[in-house]
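All chains are named by letter (A, B, ...) in the order of the sequence lines, taking the proteins before the strands, and each is independently numbered beginning at 1.
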Protein chains: 2
Amino acid sequence: MVSTTQILKDHKLRVTPFRIEVLELFSGAQHALAAADLETLLNNPDRITLYRTLKSFEEKGIIHKAIDGTNQPKFALCEAHCHEHNHHDEHVHFHCIKCENTFCIESVFIPEVSLPQGFRIKQTDMIVSGECEQCVMKEL
Amino acid sequence: MVSTTQILKDHKLRVTPFRIEVLELFSGAQHALAAADLETLLNNPDRITLYRTLKSFEEKGIIHKAIDGTNQPKFALCEAHCHEHNHHDEHVHFHCIKCENTFCIESVFIPEVSLPQGFRIKQTDMIVSGECEQCVMKEL
DNA sequence: AAGATAAATGAAGCAAAATTGCATTTTTTT
DNA sequence: AAAAAAATGCAATTTTGCTTCATTTATCTT
């Protein structure tokens with residue numbers, strides 16, 4: 001298992017206590033985290049530092065943004081083979097309308113689509129929303 | 001051609017000058033509009049009224065939200081057969097990273113995906129991003 | 001192991017975006 | 001034309017995010 005410290009070094013980021021803390025939260029999370037979630041979990045850290053941390057993690061390929069239709073962008077750990085400015089997170093994201101959580105479905109790839117001529121495609125995102133397993137269970 | 005007034009009536013909304021104005025902007029738009037776009041186009045209307053108008057239009061099935069990865073949700077006219085709480089906008093949205101505009105690609109349907117067991121799927125969104133035709137042209 | 005340097009942090013202040021409650025105005029219905 | 005219901009506009013507040021700058025910290029070099 002790769003240590004948090006090693007992950008930071010591998011992505012050419014300085015190892016600071018704050019970054020370690022943030023990264024460990026991501027490692028332990030079962031779902032994608034919004035900036036607001038992290039603020040709570042970290043007990044009201046300096047918000048600007050948090051934003052900057054998220055930004056550099058994203059740029060270096062440690063986390064990726066999971067769009068989910070809410071106005072709050074969520075973040076989750078990248079898969080192993082992401083690098084600086086070269087993400088490979090071509091999986092579907094699931095957004096639960098009950099618990100509001102967003103999950104990476106790494107086993108399901110986003111299908112290709114062909115658009116009318118003229119468009120230059122760079123990236124495709126897919127968000128499936130509905131109810132997650134836990135929430136469906138609770139209803140029964 | 002259906003008049004703006006008629007569209008409002010059909011969706012059980014009272015006909016007010018403000019709503020007519022907003023709806024006509026949507027009819028004339030070539031791409032999805034963010035709340036901020038509308039504020040400009042309407043020359044700084046009361047922002048709250050605008051938000052409420054968008055909300056009721058969406059609820060009644062006149063417009064739909066086009067997620068595009070920016071934090072600003074965009075809105076566009078629904079296709080003809082949308083009704084209250086019963087949208088049918090299963091098309092792909094395209095977000096141009098140059099001009100920042102978001103387009104409904106009504107000719108391209110979102111492919112179905114199957115998720116691991118346990119999820120209850122309600123809706124699927126697909127956002128393709130890259131450069132739109134106009135922006136690609138400009139570069140040549 | 002200590003100092004140099006480059007990067008990260010935290011504080012203060014600001015700007016924009018969104019929400020709430022309430023009083024007023026307008027639309028629709030009778 | 002009046003009554004009822006809905007929509008609007010204002011004020012105040014909250015949340016979110018950005019910029020600048022001084023200080024602190026991690027890393028690299030010797």
Side-chain angles (χ1 to χ4, degrees), chain A residues 3-26 32-63 65-75 84 100 102, chain B residues 3-26 32-63 65-75 84 100 102:
Chain A
S3 74
T4 308
T5 300
Q6 194 55 45
I7 294 176
L8 289 171
K9 282 187 183 159
D10 286 349
H11 290 87
K12 307 231 173 79
L13 282 173
R14 290 198 178 176
V15 180
T16 68
F18 187 73
R19 286 177 173 170
I20 291 176
E21 213 178 339
V22 173
L23 194 44
E24 281 178 351
L25 285 174
F26 276 113
L33 301 170
D37 297 330
L38 289 162
E39 277 187 55
T40 309
L41 292 168
L42 292 162
N43 235 313
N44 296 314
D46 184 63
R47 192 184 296 145
I48 290 78
T49 303
L50 175 58
Y51 291 151
R52 282 187 287 219
T53 301
L54 292 174
K55 196 173 177 185
S56 52
F57 279 13
E58 193 190 2
E59 282 172 0
K60 301 293 183 180
I62 298 179
I63 59 177
K65 198 183 277 187
I67 302 168
D68 68 359
T70 67
N71 296 2
Q72 295 197 329
K74 306 264 166 58
F75 297 91
E84 183 162 7
E100 296 270 288
T102 299
Chain B
S3 74
T4 308
T5 299
Q6 194 55 47
I7 294 176
L8 289 171
K9 281 185 183 160
D10 286 349
H11 290 87
K12 310 228 171 83
L13 283 172
R14 290 197 176 176
V15 180
T16 69
F18 187 73
R19 286 176 173 173
I20 291 175
E21 214 179 338
V22 172
L23 194 44
E24 280 177 351
L25 285 174
F26 276 114
L33 300 170
D37 297 330
L38 289 162
E39 277 188 53
T40 309
L41 291 167
L42 293 162
N43 236 311
N44 298 313
D46 184 65
R47 192 182 292 149
I48 292 77
T49 303
L50 175 58
Y51 290 151
R52 281 186 286 220
T53 302
L54 292 174
K55 195 173 178 187
S56 51
F57 279 13
E58 193 190 1
E59 283 173 358
K60 301 291 183 180
I62 298 179
I63 60 176
K65 197 183 276 189
I67 301 168
D68 68 359
T70 67
N71 295 2
Q72 296 198 326
K74 306 265 165 54
F75 297 90
E84 183 162 5
E100 297 269 289
T102 299

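- Checking side-chain atoms of A:Arg19 against main-chain N and O of A:Arg14 turns up a donor-acceptor pair under 3.5 Å.
- If you check every strand for non-hydrogen atoms under 4.0 Å, B:Pro45 touches nothing.
- Rounding to whole angstrom units, CG of residue B:Leu54 and C1' of C:dT19 are separated by 15 Å.
- Between A:Phe57 atom CZ and C:dT9 atom C1' the separation is 14 Å, expressed in whole Å.
- Across the protein-nucleic acid pair, A:Ile20 atom CD1 and C:dA8 atom C1' stand 13 Å apart, rounded to whole Å.
- Residue B:Thr49 is classed as a base contact, given a heavy-atom separation below 4.0 Å to a base.
- Regarding A:Glu59, its CD atom lies at a distance of 11 Å from the P atom of C:dA8, rounded to whole Å.
- In this structure, the CG atom of A:Asp46 is 14 Å from the P atom of D:dG17, given to the nearest Å.
- Each of A:Pro17 and B:Ala35 lies near DNA chain C, and the nucleotide nearest A:Pro17 is the one positioned closer to the 5' end.
- Contact annotation: A:Thr16 side-chain N/O to C:dT9 OP1/OP2 distance is under 4.0 Å.
- Donor-acceptor pairing under 3.5 Å, judged by distance alone, is absent between the side chain of A:Arg52 and the base of D:dG17.
- Here B:Phe18 contributes atom CZ and B:Arg52 contributes atom CZ; the two are 10.0 Å apart, rounded to the nearest 0.5 Å.
- Remark on DNA chain C: of its neighbouring residues B:Val15 and B:Arg47, the 5'-side contact belongs to B:Arg47, judged by nearest-heavy-atom nucleotide.
- When rounded to the nearest whole Å, the span between CG of A:Leu50 and C1' of C:dA11 equals 16 Å.
- Positionally, the nearest nucleotide of DNA chain D for B:Arg14 lies more toward the 5' end than for the other of B:Ile48 and B:Arg14.
- Considering all non-hydrogen atoms of both residues, A:Glu100 and A:Lys74 come closest at O-NZ, 3.7 Å.
- Set against D:dG9, C:dA17, C:dA11, the side chain of B:Tyr51 has C:dA17 as its closest nucleotide.
- Although no hydrogens or angles enter the test, the distance criterion places no donor-acceptor pair under 3.5 Å between the side chain of A:Thr49 and the main chain of A:Pro45.
- The CG-C1' distance, from B:Leu38 to C:dA16, rounds to 17 Å in whole Å.
- Taking for each of A:Leu13 and A:Glu39 the nucleotide of DNA chain D with the nearest heavy atom, the 5'-most of the two is the partner of A:Glu39.
- Between the side chain of A:Asp37 and the backbone N or O of A:Ala34, at least one donor-acceptor pair lies under 3.5 Å.
- Judged by distance alone, with hydrogens and angles left aside, B:Arg19 brings no side-chain donor or acceptor close enough to the base of D:dA7 to form a pair under 3.5 Å.
- Taking atom CG of B:Asn44 as the reference point, atom C1' of C:dA16 lies 13 Å away to the nearest angstrom.
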